[in-house]
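One structure is given below, encoded as structure tokens.
All values below come from the heavy atoms of this structure, side chains included, with hydrogens, waters and symmetry mates left out. We name chains A, B, ... by the order of the sequence lines, and we start the count at 1 in each one.
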Amino acid sequence: GENVEQHPSTLSVQEGDSAVIKCTYSDSASNYFPWYKQELGKGPQLIIDIRSNVGEKKDQRIAVTLNKTAKHFSLHITETQPEDSAVYFCAASRMRGGADGLTFGKGTHLIIQP
Amino acid sequence: EAGVVQSPRYKIIEKKQPVAFWCNPISGHNTLYWYLQNLGQGPELLIRYENEEAVDDSQLPKDRFSAERLKGVDSTLKIQPAELGDSAVYLCASSLTAVTEAFFGQGTRLTVV
């Protein structure tokens, strides 16, 4: 089955700086890669996703890049703000939208220092 | 529009007791998932429903876990009997179809003592 590795487990950045979280996956058949943000006491919320037919996708301050050859994808957050503090999870799935169920990484606790 | 609703939010039970969790997906969503999230880990899929049919329950520990989705809307997840290692957050998610994004509920935090 799929295995998703996520690094780092904790990331502390100064407000206004950029944050980068990296994930690798093992199943070459995976082609859907969402990122979820989970705040304390809440369920994961989708913030951005990318499919294997594109290499990069951007939505305001967040962007995701995908390298299918190397089987890794990354989340980039620019101009970080206090409300970006949360746990971020990457995930992978073979089917669009994660129809076959998502395999998640272990999460990155992002801390934005004022 | 209401999101995925789960209840209860918190549950504390003694080991060997039964427990049940309830999920009401977003209206019109045909696909429903139950995930297990251990502390400090990412969610892990337990079971996936397409309408009332369980199409993937390969990760569900069937000796003690069961689930149902009568009429293809609400779903319940049951554990009987509960063990100490079952302490975790149980998340429900739904999607409009099998190929659209999944929306998660807030989860039920189970503590087995």
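Note on Leu46(A) and Val89(B): same hydrophobic cluster, where clusters join Ile, Leu, Val, Met, Phe, Trp and Tyr whose side-chain heavy atoms are under 4.5 Å apart, directly or indirectly. Criterion: ILVMFWY side-chain heavy atoms under 4.5 Å apart, direct or through other members. Under it, Val13(A) and Ile77(A) are part of a common hydrophobic cluster. Linking Ile, Leu, Val, Met, Phe, Trp and Tyr residues whenever their side-chain heavy atoms come within less than 4.5 Å leaves Tyr32(A) and Tyr88(A) in two separate clusters. A single hydrophobic cluster is not seen to contain both Trp35(A) and Val87(A); linkage of ILVMFWY side chains at heavy-atom distances under 4.5 Å, directly or through other members, places them apart. One hydrophobic cluster, built from ILVMFWY side chains closer than 4.5 Å, holds both Val54(A) and Val64(A).
To the nearest 0.5 Å, the span separating NZ on Lys42(A) from CZ on Phe104(B) amounts to 15.5 Å.
Counted within 6.0 Å of CD on Glu68(B), heavy atoms from surrounding residues, nucleotides or ligands total more than 12; the atom is thus considered enclosed. By the 6.0 Å contact criterion, CD on Glu83(A) is enclosed, its count of non-hydrogen atoms from other residues, nucleotides or ligands being greater than 12. Around NZ of Lys62(B), the count of heavy atoms belonging to other residues, nucleotides or ligands within 6.0 Å exceeds 12. Within 6.0 Å of the CG atom in Leu39(B), the count of heavy atoms belonging to other residues, nucleotides or ligands does not exceed 12.
Arg9(B) touches chain A through its side chain: at least one heavy atom from C-beta onward sits under 4.5 Å away, while N, CA, C and O do not. Neither the backbone nor the side chain of Gln45(A) comes within contact range of chain B, judged by heavy atoms closer than 4.5 Å. Heavy-atom distances place no part of Glu44(B) under 4.5 Å from chain A, backbone and side chain included.
Within the 4.5 Å cutoff, side-chain heavy atoms of Pro44(A) are placed close to those of Leu91(B).
The two residues Phe89(A) and Gly42(B) have their closest heavy-atom pair at CE2-CA, 3.3 Å.
In terms of modelled atom types and a separation under 3.5 Å, the side chain of Tyr35(B) and the main chain of Leu102(A) share a donor-acceptor contact.
Using a 4.5 Å cut-off between non-hydrogen atoms, the part of residues 104-114 of chain A that approaches chain B consists of Phe104(A), Gly105(A), Lys106(A).
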